[in-house]
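What's counted below: heavy atoms across the whole structure, side chains too, no hydrogens, waters or symmetry copies.
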Amino acid sequence: VVNINPSFAWKINDAFSVGGGLNLQYAKAELSSAVDFSTVCLGAAARNPLLGPVCAGGGLTVPGNAARDGKATVDGDNWSYGFNLGAIWQIVPSTRLGIAYRSSIGQDLEGDIKYENVPAAFSGVPALNSAFANTGAKASVDLPEIISLGVNSQIDERWALMADLTWTNWSRFKELRINFDNGAADSVTTQNWDDSFRVAIGASYKPVNAWTLRAGVAYDQSPVPDDFRTPRIPDQDRTWLSVGTNWKITQNASLDFGYAHLFVKSASINQPASRAENNGRGTLIGKYDNPSVDIISVQYNHRF
């Protein structure tokens with residue numbers, strides 16, 4: 001996702017400031033899956049015994065034979081838009097409270113699905129040939145609205161404390177449904193995500209006027225419930241440890257440097273064969289040892 005966000009701010013008086021902006025958002029997605037053509041052919045033959053020789057002639061008689069696997073890749077993109085609003089209240093000279101809202105953005109992605117290594121034997125079977133023909137595809141996803149509440153308190157000339165709480169409405173994401181232009185059945189993956197919260201606390205210290213040092217810790221809750229975790233997104237809760245600094249180069253220019261290390265919990269998965277979207281793939285049980293994540297950022301600021 002690329003998000004272009006022109007924004008404005010207005011200081012009403014010494015106590016209140018408001019702001020807002022427009023989000024012009026480009027989204028592009030690609031999902032790929034292996035296709036077990038042996039299982040597909042044997043399933044069709046079970047419904048129509050006349051297809052038995054097709055499976056035998058194509059070497060499609062052993063389910064799970066990776067040598068006969070194909071690949072399906074669906075991709076799409078779209079432009080959409082939303083908005084964001086914010087306000088700051090200077091409660092007392094040393095403490096200010098801020099709130100920010102970012103709207104939901106609906107993305108209606110359009111693209112196509114392409115199949116690779118489709119068995120030549122399928123060309124003589126209209127139902128199988130059409131089911132694995134390249135065609136257009138569409139999917140709609142509502143990206144969630146976000147509300148953040150933050151507080152900053154200046155303890156003295158050098159020290160400041162801050163905290164924030166962010167809520168993300170991920171419960172919008174009930175399923176991932178892909179529609180195909182050729183009339184094939186929709187591809188549906190149940191998600192049933194939960195709303196998530198992120199809570200953070202931090203501090204800044206100004207040893208000299210030109211430098212500010214920062215550090216903080218955050219707990220970032222995953223929206224993915226254990227019962228609906230998929231191999232595509234084996235997400236889990238994260239803990240952030242961050243440090244950074246601000247260098248005031250001149251009266252109008254400054255540089256920010258930041259580093260964050262994320263500790264990600266291991267994620268278990270238990271996808272039963274009975275779930276509809278598994279479509280005969282069998283039960284998947286396992287554990288993902290999620291790696292840690294390192295983020296480095298640099299930002300240049302200029303005041304006019």
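- Atoms OG1 and CZ, on T166 and F197 in that order, are 10.0 Å from each other to the nearest 0.5 Å.
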Practice problem: Step by step, work out the salt bridge (charged side-chain N to carboxylate O under 4.0 Å, His left out) result for R238 and D220. | Solution: CA-CA 5 Å; R238 297 165 290 277; D220 196 0; 3.5 Å; yes

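- Between the CG atom of N23 and the CG atom of N5 there is a distance of 4.0 Å, given to the nearest 0.5 Å.
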Quiz: residues 284-291 side-chain donor-acceptor pairs under 3.5 angstrom, not counting sequence neighbours:
unit_1: D289; atom_1: OD1; unit_2: S266; atom_2: OG; d: 3.3
unit_1: N290; atom_1: ND2; unit_2: P234; atom_2: O; d: 3.2
unit_1: N290; atom_1: ND2; unit_2: K265; atom_2: O; d: 2.9

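- Between F304 and H302, the two ring planes are tilted [angle within 30° to 60°].
- The minimum heavy-atom distance linking S130 with N182 is given by the pair O-ND2, 3.2 Å.
- Taking 4.5 Å as the limit, some side-chain heavy atom of I113 sits within range of a side-chain heavy atom of T135.
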Could you go through residues 53-65 and list every donor-acceptor pair under 3.5 Å that involves a side-chain atom there, pairing it with any protein atom two or more places apart or in another chain?
unit_1: N65; atom_1: OD1; unit_2: A67; atom_2: N; d: 3.1

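- Under the 4.5 Å side-chain heavy-atom criterion for grouping Ile, Leu, Val, Met, Phe, Trp and Tyr, I295 is not connected to V298 through any hydrophobic cluster.
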Practice problem: Kindly determine whether I4 and Y26 satisfy side-chain contact (heavy atoms from CB on, under 4.5 Å), including the steps that lead there. | Solution: CA-CA 8 Å; I4 302 169; Y26 173 74; over 6 Å; no

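- Remark: the Y259 side chain and the D294 side chain contain an N/O donor-acceptor pair separated by less than 3.5 Å.
- Smallest separation of non-hydrogen atoms from S187 and F180: N-CE1, 3.8 Å.
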Quiz item: Please walk me through it: do R214 and D256 pass salt bridge (charged side-chain N to carboxylate O under 4.0 Å, His left out)?
Solution: CA-CA 10 Å; R214 302 186 180 103; D256 282 289; 3.0 Å; yes

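- Ring geometry for Y205 against W159 counts as tilted: the plane angle lies between 30° and 60°, on a 0 to 90° scale.
- Side-chain contact between S171 and Q191 is absent, with no heavy-atom pair separated by less than 4.5 Å.
- The cationic group of R198 lies under 6.0 Å from the six-membered ring centre of W240 and within 45° of the ring axis, placing it in a cation-pi geometry.
- The two residues S32 and K71 come nearest to each other via the heavy atoms CB-CE, 3.8 Å.
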Quiz prompt | Working for side-chain contact (heavy atoms from CB on, under 4.5 Å), residues L51 and V125 | solution = CA-CA 8 Å; L51 296 180; V125 184; 3.8 Å; yes

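- More than 12 heavy atoms of other residues, nucleotides or ligands sit less than 6.0 Å from atom CG of L161.
- By the 4.5 Å heavy-atom criterion applied to side chains, V18 and I12 are counted as neighbours.
- Judged by distance alone, the side chain of D142 and the main-chain N or O of Q107 form no donor-acceptor pair under 3.5 Å.
- Listed here is the closest heavy atom pair of V118 and F132: CG2-O, 3.9 Å.
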Quiz item: Do R232 and S33 pass the side-chain hydrogen bond (donor to acceptor under 3.5 Å, both in side chains) test, and can you show the C-alpha distance, the side-chain angles, and the key distance before you say yes or no?
Solution: CA-CA 10 Å; R232 291 198 188 282; S33 300; 2.8 Å; yes

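- A side-chain donor-acceptor contact under 3.5 Å links R158 to the backbone of P207.
- L109 and V1 fall into different hydrophobic clusters, defined by Ile, Leu, Val, Met, Phe, Trp and Tyr side-chain heavy atoms under 4.5 Å apart, directly or through other members.
- Counting only heavy atoms from C-beta outward, the side chains of V243 and H261 never approach each other to under 4.5 Å.
- Within the model, atoms CZ of R303 and OG1 of T250 stand 11.0 Å from one another, a figure rounded to the nearest 0.5 Å.
- Contact of the I88 side chain with the F16 side chain is not registered, since no non-hydrogen atoms from C-beta on lie closer than 4.5 Å.
- Here the side chains of I146 and N84 are not in contact, with every heavy-atom distance at 4.5 Å or above.
- Q154 and D156 share no donor-acceptor pair across their side chains, judged by distance under 3.5 Å alone.
- With hydrophobic clusters built from ILVMFWY side chains whose heavy atoms lie under 4.5 angstrom apart, Y81 does not share a cluster with F83.
- Taking both residues in full, the closest heavy atoms of Y300 and A253 are given as OH-CB, 3.5 Å, listed atom of the first, atom of the second, then distance.
- When side chains are defined from C-beta on, P231 counts as touching I269, because their heavy atoms get closer than 4.5 Å.
- Using a distance-only test at 3.5 Å, with no hydrogens or angles considered, a donor-acceptor pair links the side chain of T245 to the main chain of T212.
- Looking at N129 and S123, their side chains never bring a donor and an acceptor atom within 3.5 Å of each other.
- With sequence neighbours excluded, the residues satisfying salt bridge (Lys or Arg N to Asp or Glu O under 4.0 Å) with D186 are R177.
- Transitive grouping of hydrophobic side chains (ILVMFWY, heavy atoms separated by less than 4.5 Å) keeps F228 and L31 in distinct clusters.
- For K114 and D75, the salt-bridge test fails: no basic side-chain N is under 4.0 Å from an acidic carboxylate O.
- T95 places none of its side-chain heavy atoms less than 4.5 Å from the side chain of N152.
- A donor-acceptor contact shorter than 3.5 Å links the side chain of R229 to the backbone of D235.
- Checked by atom type and distance alone, the side chain of S254 never pairs as donor or acceptor with a backbone atom of I249 at under 3.5 Å.
- Defined by atom type and a distance below 3.5 Å, a donor-acceptor pair is missing between the side-chain atoms of S222 and D237.
- For D14, the CG atom is loosely surrounded, since the number of other residues' heavy atoms within 6.0 Å does not exceed 12.
- Counting only distance, with no hydrogens or angles, the side chain of S104 and the backbone of L143 share a donor-acceptor pair below 3.5 Å.
- Residues G70 and F37 come closest through the heavy atom pair CA-CE1, 3.4 Å.
- The 12-atom threshold is not exceeded at CG of N209, counting heavy atoms of other residues, nucleotides or ligands nearer than 6.0 Å.
- With respect to D36 and R68, no salt bridge is recorded, no charged nitrogen being found less than 4.0 Å from a carboxylate O.
- Hydrophobic clustering keeps M162 apart from V92 (ILVMFWY residues linked when any side-chain heavy atoms are closer than 4.5 Å, directly or through intermediates).
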